[in-house]
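Below is one structure, written out as structure tokens; comments come after it.
Predicted model, so just to flag it, every value in this text is computed and none were measured.
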Amino acid sequence: MQSRAKILGHAVHPMLIAFPLGLLVTAVIFDIVFLVNGQPGFATASAYMIAAGVIGGLVAAVPGLIDWLAIPTGTRAKRIGLVHGIGNVVVVLLFAISWLLRLGAPGWTPSVWALICSFAGVVVGGASAWLGGELVERLSVGVDDGANVNAPNSLTWRRGGAAAMTRQRKRPIG
């Protein structure tokens, strides 16, 4: 199935997720640098990265939800998309909590709980990003109307690639 949220023929959700993902991972890297060298500028930079990443994540969620609603019910893609979306909501919540725990601290210095939320957010985000990749790379969601929305997991040895998709199409290829 092709993406329903497009700009100039390209799916919007994959374009938008790069920013929040990069910002939130960078925030954790800055937190680690802060923990190593104690320079408060890194804690401040991390707080700003988190704020921008949370906002970007909320923006990216809108076209993601639009695309998920268009996936046929009862398919593996619909189930994976649901877990992917819930995972991303958890990531945004964890980082928002981390940001709130830093609010008002001198130099935005993170508490232990703020760091735990951020580090957990990166772990959940990695798993959710893998599921997003599974949707696009394995199931071709948002790529092609002839997508194989019931392809097996990419960690299995069964093939679900182009040959399998070709057999499932109702229209001739070409």
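- Using a 4.5 Å heavy-atom threshold, the side chains of Pro110 and Phe34 count as touching.
- In the hydrophobic clustering of ILVMFWY residues, with side-chain heavy atoms under 4.5 Å counting as a link, Trp113 and Trp99 come out apart.
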Distance-only criterion, 3.5 Å: show the donor-acceptor pairs between side-chain atoms of residues 35-44 and protein atoms not counting sequence neighbours.
{"from": "Asn37", "atom 1": "OD1", "to": "Gln39", "atom 2": "N", "distance (Å)": "2.8"}
{"from": "Thr44", "atom 1": "OG1", "to": "Pro40", "atom 2": "O", "distance (Å)": "3.2"}
{"from": "Thr44", "atom 1": "OG1", "to": "Gly107", "atom 2": "O", "distance (Å)": "3.1"}

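- Taking each heavy atom of Gly121 and Val91 in turn, the nearest pair found is O-CG2, 3.6 Å.
- Expressed to the nearest 0.5 Å, how far CZ of Phe119 lies from OG of Ser98 amounts to 9.0 Å.
- In the hydrophobic cluster analysis, where Ile, Leu, Val, Met, Phe, Trp and Tyr join through side-chain heavy atoms closer than 4.5 angstrom, Val123 is grouped apart from Leu93.
- Hydrophobic clustering places Val92 together with Val122 (ILVMFWY residues linked when any side-chain heavy atoms are closer than 4.5 Å, directly or through intermediates).
- Scanning all heavy atoms of the two residues, the minimum distance from His84 to Ser128 falls at ND1-O, 2.8 Å.
- Val54 and Ile97 sit in two unconnected hydrophobic clusters of ILVMFWY residues. Membership requires side-chain heavy atoms under 4.5 Å apart, directly or through other members.
- Pairs engaging residues 21-37 under the salt bridge (Lys or Arg N to Asp or Glu O under 4.0 Å) rule: Asp31-Arg102 [sequence neighbours left out].
- For the residue pair Gly81 and Leu135, the shortest heavy atom distance occurs at CA-CD1, 3.7 Å.
- Shortest non-hydrogen contact noted between Gly57 and Pro20 is N-CB, 3.5 Å.
- Minimum interatomic distance between Leu94 and Ala120 (heavy atoms only, all atoms of both residues): CD1-C, 3.9 Å.
- Atom CD1 of Ile50 and atom CD1 of Ile55 lie 12.0 Å apart (nearest 0.5 Å).
- Hydrophobic clustering, with ILVMFWY side chains joined whenever heavy atoms are under 4.5 angstrom apart, keeps Leu58 apart from Ile66.
- Although no hydrogens or angles enter the test, the distance criterion places a donor-acceptor pair under 3.5 Å between the side chain of Lys78 and the main chain of Ile71.
- With rounding to the nearest 0.5 Å, the separation of CD1 in Ile17 from CG in Asn88 is 8.5 Å.
- Between the OG1 atom in Thr26 and the CE atom in Met49 there is a gap of 5.5 Å [rounded to 0.5 Å].
- Heavy atoms from other residues, nucleotides or ligands lying under 6.0 Å from CZ of Phe19 number 12 at most.
- Of all the heavy atoms in Val28 and Ser118, the pair that sits closest is CG2-O, 3.7 Å.
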